[in-house]
Every structure is written in structure tokens, then in C-alpha cells.
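We count residues from 1, following the sequence as given. Hydrogens, waters and symmetry mates play no part in the numbers below; they use all other heavy atoms, side chains included.
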Amino acid sequence: MLQVIVFSPLIGFLLAGLFGRSLGAKGSEYVTTGLMMLAAVLSWVVFFSVAYSEVEPQTIQVMPWLNTGNLNVNWAFRVDTLTAVMLVVVNTVSSLVHMYSIGYMHHDPHRPRFFAYLSLFTFAMLMLVTSDNLLQMFFGWEGVGLASYLLIGFWYKKPAANAAAIKAFVVNRIGDFGFALGIFGLFALFGSVELSTIFANVPDYMNGGKDGEIVMNFLGYELDRASAITIVALLLFMGAMGKSAQFLLHTWLPDAMEGPTPVSALIHAATMVTAGVFLVARMSPVFEYSPTAMAFVTLVGATTAIFAASVGLVQNDIKRVIAYSTCSQLGYMFVALGVGAFGAGIFHLFTHAFFKALLFLGAGSVIHAVSDEQDMRRMGGLRSYIPKTYWLMVIGTIALTGFGIPGTYFGTAGFFSKDAIIESAYVGTNMFAGYGFAMLVLAALFTSFYSWRLIFMTFHGRPRGSADVMDHIHESPNVMLIPLYILAAGALFAGVVFYGDFLDYESVGLNEQWYNSFWRTSLFAGEGNTILSEFHAVPFIVKSAPFIMMVLGFVLAWWFYIRSPELPKRLARQHNGLYKFLLNKWYFDEIYDFLFVRPAKWLGRFLWKKGDGWFIDGFGPDGISARVNDITNRVTKLQSGYLYHYAFTMLLGVAALITWSMFGGAS
């Protein structure tokens, strides 16, 4: 069954990619979408059969791969609960995105190529989450990078799309370099890249050996066992920072909006950006033995959450607002992982997939309705024109903002998962747990404000679009709305249905042994899960903090954009510096352009013009050929064709010969 799940998207990619002209656009759509739906259904079967049983983690061998020296790697699938959760997330969202794209991309002439890329993207992510070893994981890791490059730059005739695709590819190479070094480090420490071998040996490795024993040399520093594990964990997290767009390596994510909207939904909800979260959760046995690495994960996650949320407050592109929301929510997930609440982090990844895909595809429905307009300042008043899309977007918004009643089991998906992370940060013990709690609570306020700002600017108030656009507004077809209905159900009910499975076995009467086995598959050390029994006992004011922030954000957004719509402009003028700082995304693009892009371009231009052109070519092949041409041109001038010129030359030669003979003979 797992082979069918993993290879169905690959078959769809090959059929649409190689035989797209023969199948036609419709055939490519139906083949790829049908195979993805098959994979999605089977993923739910695997989820309930694996997660709700006491089956030990299994390894399914596919074929031998590498056998060289001490490195023996088989192509194999790891089947455990974490794998099952990721299969559900990836394939459910991908199948719905495929179906939605049939309507959204209806007028695009290159649909076979688009659907082939979507299936390739899904296959690469499946290879990543089912990997039994780090080398196979790296294959999937690079595969999603390639697919994202192809999809972000799908409309390759747009310079902005090409630039965004290159930016995403290059920024991710920085993180991928760290991930590769982390793999090398684990192989050096444990002599294997197989996950089961590494996980089984981490405890003995950390408890064995002599105190202060040097086990690794990194950048000239001699490292003992604890330091080596910390360095390896930080290198792995460097890879996660790139893929999951964390602070400092986040700049590619907003620009990725240049791709078609279904691509944005797939990237943000189920594939590329969730890869980093999955990596840290999967490698948690390594991270748990490094308090320093765990604290750093918390620091970066909390900083990302507040940074992205602050930038989202003033963005005007509807897709960019949701993109920065993704960046912020990923920060929440990493805070959970950093404080040891791995179940809460993966639970938020699970619920986030539903409401974030809903918001992106809902935004696509809006864009589809208003003739591809994305600036919210040119929308307004759309509620009566596209009521179905409006209410679906509202559902996604209340799920994102975490609508629910504290202390009860009444709430949307985000209420259960996001609040669990905030409470886990409150009881966390690492040095940045308190910082994480404060930043996440503040980010909850910002999230509520910019989410309702999007709703009010887009659907309420007076219409601000042109008369031509307003005359052609229409609701999306059912092929686009049906995926939204399904995602809306997940955004509303996934939290309450699966809360006990991820976080609270006692409250729903689940078997404690099952709960322990749920995360044992990825958390062999097991110590991090103790925090899950502590966050339920936090003070009620802590439980209420996200709710208070949610309500306050809603009230502020209503006051700014419904009650007094001129107030935002007045505040922007009064605080112009702060407004531009946020509007320009803390000037990270400008700073990176000054520090890295311009010097790199200058160096490249210098090496091209001076190094390659003037020196190498000038004194090398071009110089030699120029001298040969020069001499040849001079020699050819002697070939005039006149007899007296040749006679004169012969006389000069005879005279020179006689002179040489005379003086040579005299000597």
C-alpha cells in the first residue's frame, strides 16, 4: 500500500510530463488528480491502521542503493506514526490542490506541464517524509527544492517569477549546505545514516566515553560528545531554517507568491515549508540531547513568529499577507519543538495544513473573481458578489486566529493546536522559553489583526475596484469550491477530533500505552513529552491570553477598517518611519542586497571582465590568436603579386647570404 501511495504521484508526473501532448490538457488533469486522490485515500487508511495500533515502526525495503566502504544505504520506507501524519497532510492537501487547479488554471495553455510539476512536488515530499535514512531524506529535500523552483517560475516569461524562483533556490542552498554537513557529522559520529541506527545509539553514545573525550574536529575546534551533538543538531536546524523560511533565511517565501496560487497553497500548507518542521521532529532524539540546540530552536522560532506577524500588519497583497502568516505560524511550530512539546508542534502542522490551504485557495478564488487583482486596496465590498468564498475565508480566518472558548473543547482547529504551543512555552524550561511565550502571545494579537484586516479590506466597505472589474465578478465553479468545503471542515473540526490523539490521552480516555507509542516512533529519548502533562495545569489567565489577544485584534481591525477607515492612513503618516520599516519587511531584502548581492555581482563582473576577459583571455588564447593574426597580416602584406617586388626581395636575400658568407668565412 505504501508503495502505491508514494509512487502514484511519480506515475502522474511521468504520464503528464512525457505524454502530456498525447493525453491533452484534460487527460493530464484527470490522470494526475485521480492518482493523487487514490494516494490521499490510502494515506488515511495507513494513518488509522498505524497511528491507532500498537504496531512497532516498520521498514519496507524497496531496493539496494549505495554500497561503498562503510556506507551501506538501501532505498527503504519508514512506517511509523509521524510518517502516517505527514502522509495525510501531504496527500490530502495535494489532491485538493490538484482538483482546485482544474478550475483555476483552466485558461492556461501549459496545463500538462503544471500538473506534472505539482505531482513531482508531491512525490519529492513523500520521499522526504517516508525516508528511512538521511541520504534518502536529502534526495527528497533537494527534490522539493527543484520542484518549487519549477513551480514558482512556472510563468517563466514574467521576469518577477524568474527572479523569485532563483531567489528561493539560492536561499535554500544555504540551509541545504548546513543540512548536508549535519548528515556528514552524524555519519562521522555513528558510522551510519540510517535513522534507526542513529536513534538507537544516541543514548549510549552520550552516556559512554570518557569526560572531555575529543570525538570530532569542526572548523579547527576539538569537540567532545556533547559539543559534537550540539553542532550536528545546529547544522540540521540550519537546513530546517532554509526550508521552513525561519528568521534570516525567510526572504524567499514572500517572493514565492509569484507562482500560481495553487502552488502557494501547496508550498505553504503541505510540502516545502513543513519539511523543516518534520526534520526537527524526526531528529528529535538528537536534539533532545542538546539543550543549547533546543534553546536556539526556540529563539529562532519565537523571533520568526513576531517578525513575520509584524510585517503582515501592513502588507497590501492578499497572498503576501497569508504568506507572512505562514512564516509566523512556522515560528509557533519551532517554539513547540524547541521547548520539547513535539506533539503540539506536529499537531499545529497538521491543523495548519487545513486552514492555511483554505486561506490560500480562498484567496485564489478572490483573485479569480476580480480578474487577477491581488491588491486589497483595489477590492472591497466583495461579500455580496462572492458570498461562498467570503464565508469560507471567514472560516479559515477564525481557525487561524484560534477562535474558541478557553478551558473548553469548543473551538476551531487553530484554537487547540496554537494554544497548546503557547501554554507549552509557558511551562518550558530552556533559557528562551519565557521569551517564546511572550512573543507568541504578542504574535497572536498581530495575527488576529492582520487576518481580520484582510477580511474587512477585501469583502467589506465600499467597492474600490474599477467598474470593468466589478462588472465581471463571479463566484468560482464547484471544481474550485468543493476542495474549499473539505478544507473548511478540517479547519473547523480537525482540532477537536484529533486533540486527544496528539496531546491529551486522559481527557478522551485513550490508552496511555497507545499515546506513548504515538511519539515513541520519533522520540526515542522520550523526555520531551513530559511537557505535555504539564501544560494542562497552567493558570487560567495563561490559557485565556490567546483568546484575549484574538478578541483585541478583531476589535482593532474592525475599528480601523470598518468604523474609522481613515484612521490607518492617518497613523501611517504620523508614524511614517515605523510604517515603512514594516512595509519594507524590516529592510532585509535591501540589507542582503547591499551585503551579499551587490558584492557578489561586483566580484562576478570583475572576474568576468578583468580576470577572464583581460587576463586569461588576453594573455591566453585570445592573446595568442591576436598575435598570430597580427603576424599573419604583416606577412600577407609581402604577397603583393608584383614581379619586381619579388625580384627585389630575392636580391635582398642574395645580398644577405653573400654578406653572411663573407663575414662567416672570415671568422
Side-chain angles (χ1 to χ4, degrees), residues 97 101 104-105 108 110 113-114 116-118 120-121 124-125 141-176 241-276 304 307-308 311-312 315-328 330 356-357 359-361 363-364 367-368 372-376 583-598 600-601 604:
V97 168
S101 299
Y104 189 86
M105 301 295 289
D108 196 283
H110 305 293
R113 177 165 60 91
F114 179 78
Y117 288 169
L118 282 184
L120 175 63
F121 204 173
M125 188 65 185
W141 192 270
E142 293 303 305
V144 295
L146 169 64
S148 68
Y149 170 81
L150 296 173
L151 284 167
I152 294 170
F154 178 76
W155 288 320
Y156 57 86
K157 292 184 179 180
K158 291 174 57 180
N162 285 324
I166 293 172
K167 186 176 184 179
F169 196 79
V170 171
V171 172
N172 271 275
R173 297 290 73 73
I174 300 171
D176 295 354
M241 287 177 64
K243 275 290 183 287
S244 293
Q246 292 299 282
F247 189 69
L248 301 180
L249 294 180
H250 66 276
T251 53
W252 67 270
L253 191 61
D255 290 10
M257 298 303 98
E258 292 294 338
T261 300
V263 174
S264 302
L266 193 57
I267 289 177
H268 287 248
T271 54
M272 190 158 169
V273 299
T274 61
T304 303
F307 156 73
V311 174
Q315 298 302 305
N316 297 308
D317 185 306
I318 187 171
K319 288 172 64 177
R320 284 181 179 264
V321 173
I322 304 173
Y324 277 106
S325 169
T326 300
C327 193
S328 181
L330 290 167
K356 189 49 58 72
L359 286 171
F360 262 115
L361 297 184
I367 295 167
H368 183 265
D372 296 328
E373 179 60 65
Q374 295 184 198
D375 194 328
M376 297 185 297
L583 186 65
N584 289 284
K585 302 158 286 186
W586 292 24
Y587 292 102
F588 268 104
D589 284 329
E590 290 78 5
I591 293 171
Y592 285 174
D593 184 67
F594 176 77
L595 292 178
F596 303 113
V597 178
R598 291 184 186 178
K601 286 184 175 180

Parallel under 30°, tilted from 30 to 60°, perpendicular over 60°: which one fits the rings of His110 and Tyr156? tilted
side-chain contact (heavy atoms from CB on, under 4.5 Å), paired with Phe360, selected from Thr326, Leu266, Ile318: Thr326
State the CG-OH distance between Leu253 and Tyr324, to the nearest 0.5 angstrom. 8.0 Å
When every non-hydrogen atom of Gly276 is compared with those of Trp141, the smallest separation belongs to CA-CH2, 4.0 Å
Distance under 6.0 Å and angle within 45° of ring axis: Arg598 vs Phe594: no
Would you check if Tyr149 and Ile166 make a side-chain contact, meaning some heavy-atom pair closer than 4.5 Å? yes
Please tell me whether Phe114 and Tyr104 form a close aromatic pair, meaning their ring centres lie under 6.0 Å apart. no
Residue pair Tyr592 / Thr251, side-chain donor-acceptor N/O under 3.5 Å: no
Side chain Thr271, main chain Met125, donor-acceptor under 3.5 Å: no
Judged by atom type as modelled, is there a donor-acceptor pair below 3.5 Å linking the side chain of Trp252 to the main-chain atoms of Gly242? yes
Would Ile591 and Phe596 count as a side chain to side chain contact (heavy atoms under 4.5 Å, CB included) here? Give the steps. CA-CA 8 Å; Ile591 293 171; Phe596 303 113; over 6 Å; no
Is it the case that the side chain of Asn316 and the backbone of Met376 share a donor-acceptor pair, with hydrogens and angles ignored and the cut-off at 3.5 Å? no
Can you find a heavy atom in the side chain of Val311 that is under 4.5 Å from one in the side chain of His250? no
Non-hydrogen side-chain atoms of Asn162 and Glu258 separated by less than 4.5 Å: no
Gln315 side chain vs Asp317 backbone, donor-acceptor pair below 3.5 Å: no
In the structure I gave you, are the side-chain heavy atoms of Ile367 and Lys319 within less than 4.5 Å of one another anywhere? yes
Rounded to the nearest 0.5 Å, what separation is found between the CE atom of Met257 and the NE2 atom of His268? 3.0 Å
Just wondering, do Ile152 and Phe169 contact through their side chains at under 4.5 Å, heavy atoms? no
Please determine which of Cys327, Ser244, Ser328 meets the side-chain contact (heavy atoms from CB on, under 4.5 Å) test together with Thr304. Cys327
Answer yes or no: is there a side-chain heavy-atom contact under 4.5 Å between Gln246 and Phe307? no
Side chain of Lys243, backbone of Ala275: donor and acceptor closer than 3.5 Å? no
With distance as the sole criterion, is a donor-acceptor pair present between the side chains of Lys356 and Ser325 under 3.5 Å? yes
Please evaluate residues Arg320 and Asp255 with respect to the criterion salt bridge (Lys or Arg N to Asp or Glu O under 4.0 Å), reporting the C-alpha separation (whole Å), side-chain torsions for both, the decisive distance (0.1 Å), and the verdict. CA-CA 8 Å; Arg320 284 181 179 264; Asp255 290 10; 3.6 Å; yes
If you count the non-hydrogen atoms of other residues, nucleotides and ligands that lie under 6.0 Å from NZ in Lys601, is the total more than 12? no
For Val263 and Tyr117, run side chain to side chain contact (heavy atoms under 4.5 Å, CB included): C-alpha distance rounded to whole Å, both residues' side-chain angles, the deciding distance at 0.1 Å, then the answer. CA-CA 10 Å; Val263 174; Tyr117 288 169; over 6 Å; no
Could you check Asn584 against Glu590 for side chain to side chain contact (heavy atoms under 4.5 Å, CB included), going step by step and ending with a plain yes or no? CA-CA 9 Å; Asn584 289 284; Glu590 290 78 5; 4.0 Å; yes
Answer whether the closest heavy-atom distance between the side chains of Leu151 and Phe121 falls below 4.5 Å. yes
Using a 4.5 Å cut-off on heavy atoms from C-beta on, say whether the side chain of Asn172 contacts that of Met272. yes
